[in-house]
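Here is how names work: the chains are called A, B, and so on, in the same order as the sequence lines, proteins then strands, and each is numbered from 1.
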Amino acid sequence: MSENKSYSVASGEEAVQSYWAENETFAVTENDPREKFYCLSMFPYPSGQLHMGHVRNFTLGDVISRFQRLKGKNVLHPIGWDAFGLPAENAAIKRNVPPAEWTHSNIEYMQGQMKRLGFSFDWNREFATCDSSYYRWEQWFFTRMFRKGLVYKKAAWVNWDPVDQTVLANEQVIDGRGWRSDAPVERRELSQWFVHITEYAEELLDFLDRMPGWPDKVKTMQRNWIGRSQGVEMTFPMPESPVSDITGVDVYTTRPDTLLGATYLAVAPQHPLATSAAEEDPELLAFLDKCNQTSVAEADMAKLPKEGMFSGLYAKHPLTDEDIPIWVANFVLMEYGSGAVMSVPAHDQRDCEFAQKYGLPIKQVVKPKPDSDESCDIASEAYVSKNGVVMGSGEYDGLDFDAAFDAIAEALESKSLGKRTVNYRLRDWLVSRQRYWGCPIPIIHCDHCGPVPVPDKELPITLPDNVSIDGSGSPLSKMPDWYNTSCPDCGKDAVRDTDTFDTFMESSWYYARFASADCSEGMLDERMQYWRNVDHYVGGEEHAILHLLYARFFHKVMRDEGLVDSDEPFEKLLSLGMVLKDGAKMSKSAGDAGDPQVLLNKHGADAVRMAMMFAAPPEQSFEWSEHGVESAEKWLRNRLWARVQEHLAHGTPPELEPDQLNDEQKELRRVTHETLAKAEDDYGRRLAFNTVVSAVMSMMGQVSKFQDTSPQGLAVMREALSAAIVIMSPITPHICHVLWQELHGKAMEDASWPVVDESAMIANEVELIVQVNGKLRAKLTIAMDASEEEAEAAARDIENVLRFLADKTVRKVIHVPNRLINFVVG
RNA sequence: GCCGGGGUGGCGGAACUGGUAGACGCGCCGGAUUCAAAAUCCGGUUCCUUCACGGGAGUGUCGGUUCGAUUCCGACCCUCGGUACCA
């Protein structure tokens, strides 16, 4: 072995990558005696090139996979492509390149980048969601959901670009205008497919309490998103309604105790009562038009100043029969609930501000309890507490929240004007998109039979490729050759649905497909039973709600269809913080920010991976800087590589004999085993890969100072270097592969995590902190596990401590063994 | 607006269960090596004060609990993510 052998990034890493490819090192099967471990990084959208957010995501998944392999697991670590979506159509419009072609060339390029980064993927299982062999089973599954009654059609409001004559995604609406046409967006009502996720709301909520492997932060967000509440659904009757099938205004409230304080109703601008009233009121019509010229995005709506207008209509109060005016308000969402709310300005802050603005009556019906210290000044702000007692409500006066809730609910129930209900903020999942580059919805519309699911034997319904995309309309709806067909039930002329699925449909079950990626007989096969449940799912925090909730829902529906036999898809979740560039999330819309290619060429994959892992703990967002990459490369070359080469030049040492070591040798051995123990804990439990790196750096600092070339000195050195290589190998697998081979003549992938020798970690002395009144005054080296008496005596011997104890009385001594002793003086 | 995070030296971050704030690295400063430089190696580096020993302040802001708070509680400021058609 040559002492001068230098570390070469380019040739070295690519040779190791070829070795992995030729040996299919990371291809796994189900016929394996080891315990299985399924590690999955959220698959990427093939946007063109990887950005540093991808590098972080896949490196983290790779580190976890490689660590679990060292721990003796049979690790499945697959990769695929979330290939349908808007950017491919945008590219088609802009550069006149077909979405399929654009997508496939992006995939090819990004595959190359992934291989160059050395990820331990089982490439045999790779697929893209735009492969008909994949989406075929999504179509098949949708028809199962259709037959189960889990899907239905309903009108929904979309952003409409009046110039391009097309539906806009929220992202495509910029300051209320279409991104290409710059025309003010309008709202338009379309008939759309919905999936009945609310039917699973209770279960989706309940299981959050049984998912210890998920971060509380994500579970809290999902809980709030589902938004379960208990309240009362009631009707404000309208004996003289202008709309024939409306006989009252339905509202839901969680505060029936304040019902007697309701002074007006507010309906959404899209509510049938509003549109009806506007027919005879040009001013109201103008207001509705104005309301309909905003995007449908909740964030945009919520930022609008709260505005409203009286509709001229009244409803009857369900308990008092009083006339209650009906207002139209821009903050009421048509999509949520019944599109109408009852307003109690005295006890709801938003209602209060609205009432003040428009001079509507404010009627107080709850007051603080006499012994309460709550403040209540209805003139300035609403009193929203549930701890008060009812007043000004006749027979209900004096009741507390619970009693008033029940009494008023019963009164409404006895008049058949209301009932107690559980309500969810969660809305059903709108899955239809008026776009081309997505999975065609497998439904045929027949004038005689209605919507009919495409029979299994006719699946998949593939996308036509001779399509022209010019940014106007919905491409499939302009292709009669494609959509004209016959009804599977009656055989008469019929048309295909020309919408495609929301791409969250594809990402809701891909994790399961990886277990049986090549199965052509069904959506999943028995191999899913072996791999079932992703043990560790790694992905960005931006997916904390939508993607993860849809995937959990899909899993439960698959379970109810007998396709999987567990309740939840992901045992453990690692929710990654954002990699920011100039303070914002890296994404397709942010352009090419953070292309790792230059860094890979210059410093190699190990250095890029190491710099990324070292930069911050996984859950934390941070601003990416390239500065760490060069220093990572230097450390690998000048520390790890150099120390191993020096060591190899001394030949093979004898067997390590722990009992024969001198103090210095014991000390290095203690550091080695403490580092191993810390790294194992950081990898397995804490997921703090940044501190794994810093621990190894510290350890290598000790190694560099250790100059002992005696036989046992070399043996201790060899143990230390071997530990450093094993610990680093999940993060910097290429250089570790080479060094391990040189040190042990064996393949790195056959190595296993060393057993920590507890006896090597025992120290004789500890450093004790000495405080006076909680302030650090001295440090003290003392025997391990010294008693309080010994510690106190030793501390009282220190000059600086005595200075602070002089002419004071020690009132208390706090001793935390092996940590500190604190004198409380007065 | 609403929901959920985050805020620690010049910078990225560490401090794991309330017990030494600033590990490790970048940057910077000094030294060794060199004819010189690059590369490499060694040392220093929160701020104020002190010749020094030491002392004081300090983890977004203000307040609280505690012998002791980056850590727990309350209010606020800033910032990031999500907000249902970006993925």
Which part of the nucleic acid, if any, lies within reach of [X] when heavy atoms closer than 4.0 Å are counted: base, sugar-phosphate only, or nothing?
X: A:Ser625; value: nothing
X: A:Lys306; value: nothing
X: A:Leu86; value: sugar-phosphate
X: A:Val167; value: base
X: A:His547; value: nothing
X: A:Glu353; value: nothing
X: A:Lys219; value: nothing
X: A:Leu426; value: base
X: A:Arg435; value: base
X: A:Ala297; value: sugar-phosphate
X: A:Val158; value: base
X: A:Phe614; value: base
X: A:Gln434; value: base
X: A:Ala615; value: sugar-phosphate

Tell me which nucleotide among [options] gets nearest to the side chain of [X].
X: A:Ser694; options: B:A84, B:C85, B:A23; result: B:A23
X: A:Leu546; options: B:G12, B:A87, B:G1; result: B:A87
X: A:Met697; options: B:A87, B:G19, B:C24; result: B:C24
X: A:Leu820; options: B:G19, B:G82, B:G13; result: B:G19
X: A:Tyr550; options: B:A84, B:C80, B:A87; result: B:A84
X: A:Glu298; options: B:A87, B:A15, B:G1; result: B:G1
X: A:Ser631; options: B:C85, B:U20, B:G25; result: B:G25

For this session: Quickly work out the A:Asn690 CG to B:C16 P distance and round it to whole Å.
Result: 13 Å
Exercise. What do you reckon, is NE2 of A:His815 surrounded by more than 12 foreign heavy atoms closer than 6.0 Å?
Worked result: yes
Exercise. Mapping A:Ala695 and A:Val296 to their closest nucleotides on RNA chain B, which lands nearer the 5' end?
Worked result: A:Ala695
Exercise. Among A:Phe43, A:Tyr135, A:Tyr45, A:Tyr134, whose ring pair (Phe, Tyr, Trp, His ring centres under 6.0 Å) with A:Phe84 holds?
Worked result: A:Tyr135
Exercise. Considering residues at least two apart in sequence or located in another chain, which fulfil the side chain to side chain donor-acceptor pair (under 3.5 Å) criterion with A:Asp682?
Worked result: A:Lys678, A:Arg686, A:Thr691
Exercise. Considering residues at least two apart in sequence or located in another chain, which fulfil the side chain to side chain donor-acceptor pair (under 3.5 Å) criterion with A:Tyr436?
Worked result: none
Problem set entry | Residue-phosphate contact under 4.0 Å: A:Arg427 side-chain N/O, B:A84 OP1/OP2 | no
For this session: Take A:Val158 and A:Val296 through the side chain to side chain contact (heavy atoms under 4.5 Å, CB included) test and state the conclusion after the steps.
Result: CA-CA 6 Å; A:Val158 295; A:Val296 296; 5.7 Å; no
Side chains of [X] and [Y]: donor-acceptor distance under 3.5 Å anywhere?
X: A:Trp81; Y: A:Asn106; value: no
X: A:Ser507; Y: A:Asp82; value: no
X: A:Asn292; Y: A:Gln270; value: yes
X: A:Asp502; Y: A:Tyr550; value: no

For this session: In sequence, state the C-alpha distance, the side-chain angles, and the governing distance for A:Thr732 and A:Arg609, and then conclude on side chain to side chain contact (heavy atoms under 4.5 Å, CB included).
Result: CA-CA 7 Å; A:Thr732 58; A:Arg609 294 167 56 120; 5.6 Å; no
Problem set entry | A:Glu353/A:Lys357 salt bridge by N-O under 4.0 Å criterion | no
Exercise. Which range-with-range stems can be found for RNA chain B when each stem has 3 or more Watson-Crick or G-U pairs in a row and both distances sit under 3.5 Å?
Worked result: B:1-7 with B:77-83, B:10-12 with B:24-26, B:27-32 with B:40-45, B:46-49 with B:54-57, B:60-64 with B:72-76
Problem set entry | side chain to side chain contact (heavy atoms under 4.5 Å, CB included) assessment of A:Lys634 paired with A:Glu630 | CA-CA 6 Å; A:Lys634 283 184 185 172; A:Glu630 192 185 345; 3.5 Å; yes
For this session: Supply the atom-to-atom distance A:Leu40 CG to A:Tyr537 OH, rounded to the nearest 0.5 angstrom.
Result: 5.5 Å
Problem set entry | Pairs satisfying side chain to side chain donor-acceptor pair (under 3.5 Å), at least one member in residues 297-307 of chain A, at least two apart | A:Lys290-A:Glu307, A:Ser295-A:Asp300
For this session: Measure up the A:His547 and A:Tyr510 rings against each other and bin them: parallel (under 30°), tilted (30 to 60°), perpendicular (over 60°).
Result: tilted
Problem set entry | Closest contact, heavy atoms only, A:Ala615 versus A:Phe622 | CB-CE1, 3.6 Å
Exercise. When every nucleotide of nucleotides 42-57 of chain B is labelled 5' to 3' by its protein contacts under 4.0 Å (heavy atoms), B for base, S for sugar-phosphate only, - for none, what sequence of letters results?
Worked result: S-----------SSSS
Exercise. In residues 500-508 of chain A, what residues come within less than 4.0 Å of RNA chain B, judged by heavy atoms?
Worked result: A:Thr503, A:Phe504
Partner set under salt bridge (charged side-chain N to carboxylate O under 4.0 Å, His left out) for [X], not counting sequence neighbours:
X: A:Arg643; result: A:Glu646
X: A:Arg188; result: none
X: A:Glu680; result: A:Lys71

Nucleotide N/O of nucleotides 4-11 of chain B paired with protein N/O under 3.5 Å:
residue: B:G4; atom: OP1; partner: A:Asn224; partner atom: ND2; Å: 3.4

Exercise. How should the glycosidic conformation of B:G9 be described, syn or anti, under the criterion that syn lies within 90° of 0?
Worked result: syn
Check: protein-nucleotides 63-72 of chain B nitrogen or oxygen pairs below 3.5 Å:
residue: B:C67; atom: O2; partner: A:Asn822; partner atom: ND2; Å: 2.4

Can you pull every protein N or O that's under 3.5 Å from an N or O on nucleotides 75-77 of chain B?
none

